[in-house]
Amino acid sequence: MQTFKPRLLFRCPLQTARPRAARHFATEARLTADHVRIVEVGPRDGLQNEKKSISLETKLELISKLAKTGLTTIEAGSFVPAKWVPQMASTSEILQHLIKKPPHSDNQIAYNYLVPNIKGLEDLVKIMDAEGATAGSKGDPEFSTTTEISLFAAATEAFSKANTNCTIAESLERVRPIVALAKEKHIRVRGYVSVALGCPYEGPNVAPSKVADITATLLEMGADEVSVADTTGMGTAPRTLELLKALSAAGIANSDLALHFHDTYGQALVNTVVGLEHGVRIFDSSVGGLGGCPYSKGATGNVATEDLVHTLHSLGMHTGIDLEEMSRIGSWISDQLGRANDSRVGKATLARIAREKSCP
Ligand SMILES: CC(C)(COP(=O)([O-])OP(=O)([O-])OC[C@H]1O[C@@H](n2cnc3c(N)ncnc32)[C@H](O)[C@@H]1OP(=O)([O-])[O-])[C@@H](O)C(=O)NCCC(=O)NCCSC(=O)C[C@@](C)(O)CC(=O)[O-]
């Protein structure tokens, strides 16, 4: 196993702190920059596992609030059968609404929808066609929003069977027609590799080389980026580093990677720092630490967006996200769901604001 030695690089900005790494990645401007893109997965990965169902109106209000925080990518729902994930049943209506009346935002936002198979994407495309919508394109000022999809595969056979009722090889075959149709419609594709650092059925020792193979396959098939997911939160700093090294050794560029940490064992932020030091600049998180995974019992939510933003800002990184606003949303959605707010930073930020108001 690799030994992880923190290098305390974040006392000064990343570019000056890591001249060798900066030279190494000289052609990949995104990696040398101190900007991190956060993919907010709360309305999908978060809500899909909450016990209390919330109304379509509340989901739309959540998305609308998130759209005003500076986020640029928001997972809005998933086109899965309701019998598999009942909480995602209103995704068609969400897509329709976001096409017709996207929330006001100062920046362009990509709304992302999970599709488990070609039927999921066909259902999405049918709605877009019926509304006369195109996927839009990032960077084109004509569009204030774009539509993206995510597809997923798992790194273990047991999880693949439980989550998608098929083997890993079959799940990868499902990806081909999805990518083909998405490309035809100019829809950006995000891939996920689940259980990359631990499986609820097969345990923590998932082979990094297996994760790297699946990630490489998704990229070769046409995925624009792949989010490597610690679905169970079993990941540790040394194993995260080992995995990142295996991904690099397989020729996968950091610019094609995102990291997606659940915080079951409280290791998500530590593992985030490992990812940052390795050069990854896209991280997934969920406001208020919502969620979990319906096929990973006991796993808690994603790392809270508020906690991630605070950590990144404290390291001198930029996210463009308004932490105070995000903290208000985390508290609001937790109340709507009748659950505790799982963001320590969110609670501390709101307490500070209240304190400052009472003693200016
Ligand atoms: C892949 C399937 C559909 C196979 O499920 P299956 O039962 O094997 O599907 P099937 O092809 O045999 O079809 C069964 C029925 O479902 C219908 N059907 C088929 N597809 C769809 C669809 N897209 N939308 C709506 N309906 C659909 C289909 O038409 C048929 O209807 P019937 O003839 O019985 O009336 C199922 O296993 C599934 O939906 N799995 C997804 C479960 C899921 O969403 N899990 C959570 C997301 S993954 C995750 O959270 C992890 C992630 C990404 O966040 C990262 C991480 O942390 O790891």
Side-chain angles (χ1 to χ4, degrees), residues 39-50 73-92 95 112-127 148-156 158-168 170-175 177-178 181 189-202 206 211 214-215 218 223 225-235 243 257-264 268 271 282-286 289-303:
V39 176
E40 170 59 50
V41 299
R44 195 282 302 172
D45 202 7
L47 293 184
Q48 75 178 6
N49 202 40
E50 290 295 333
T73 314
I74 300 176
E75 274 196 344
S78 84
F79 282 88
V80 291
K83 85 169 184 215
W84 279 78
V85 187
Q87 305 287 28
M88 292 291 102
S90 50
T91 297
S92 299
L95 172 62
N112 188 297
Y113 301 86
L114 198 77
V115 300
N117 54 13
I118 186 68
K119 177 168 169 31
L121 179 55
E122 285 167 352
D123 289 350
L124 176 147
V125 166
K126 231 179 267 168
I127 293 170
E148 294 185 357
I149 58 162
S150 287
L151 43 80
F152 51 101
T156 68
F159 192 81
S160 183
K161 192 76 193 158
N163 196 33
T164 50
N165 201 20
C166 66
T167 63
I168 296 172
E170 286 163 345
S171 74
L172 291 173
E173 279 314 306
R174 280 181 189 170
V175 167
I178 301 178
L181 178 56
V189 178
R190 191 165 209 254
Y192 275 110
V193 182
S194 291
V195 294
L197 285 160
C199 170
Y201 312 103
E202 298 185 18
V206 177
V211 179
I214 297 171
T215 305
L218 291 175
E225 122 192 349
V226 174
S227 179
V228 175
D230 183 12
T231 314
T232 58
M234 288 180 197
L243 173 59
L257 278 183
L259 290 170
H260 176 110
F261 294 117
H262 286 253
D263 205 22
T264 319
N271 298 339
I282 310 169
F283 292 87
D284 302 352
S285 62
S286 165
L290 298 180
C293 174
Y295 299 95
S296 176
K297 292 286 168 246
T300 55
N302 298 84
V303 62

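Indexing begins at 1, ligand by ligand and atom by atom, following the structure's order. No hydrogens, no waters, no symmetry mates; every other heavy atom, side chains included, goes into these values. We count residues from 1, following the sequence as given.
- Of the N or O atoms in D45, one or more lie within a sub-3.5 Å distance of an N or O in ligand 1.
- Contact atoms of ligand 1 toward N165: 6 (P), 8 (O) (distance under 4.0 Å to a heavy atom of the residue).
- Distance alone, capped at 3.5 Å, is enough to place a donor-acceptor pair between the T91 side chain and the S78 backbone.
- Distances between N or O atoms of Y192 and those of ligand 1 include no value under 3.5 Å.
- Contact annotation: for Q48 versus ligand 1, heavy atoms closer than 4.0 Å belong to the side chain alone.
- Ligand 1 has no N or O atom lying under 3.5 Å from any N or O atom of L114, backbone or side chain.
- Shown in contact with S194 at under 4.0 Å from a heavy atom are these atoms of ligand 1, numbered in order with element: 51 (C), 55 (C), 56 (C), 58 (O).
- Of the options D123, L114, L121, a side-chain contact (heavy atoms from CB on, under 4.5 Å) to F79 is made by D123 and by none of the others.
- Pairing each heavy atom of V195 with each of T231, the nearest pair is N-OG1, 2.8 Å.
- For ligand 1, the atoms lying closer than 4.0 Å to a non-hydrogen atom of H262 are 57 (O).
- In terms of polar-atom proximity, H260 is counted as a contact of ligand 1, with an N or O under 3.5 Å from an N or O of the ligand.
- Between atom 58 (O) of ligand 1 and the options T231, N302, N49, the minimum heavy-atom separation is to T231.
- Annotation for ligand 1: atoms under 4.0 Å from non-hydrogen atoms of G120 are 23 (N).
- Considering backbone and side-chain atoms alike, N163 places an N or O below 3.5 Å from some N or O of ligand 1.
- Of all atoms in ligand 1, numbered sequentially from 1 with element shown, those under 4.0 Å from a heavy atom of A229 are 55 (C), 56 (C), 57 (O), 58 (O).
- Partners of V41 under the side chain to side chain contact (heavy atoms under 4.5 Å, CB included) rule, at least two apart in sequence or in another chain, are V39, D45, E75, Y192, H260, D284, S286, N302.
- Nearest residue to atom 15 (C) of ligand 1 from K83, R44, R174 is K83 (criterion: closest heavy atom).
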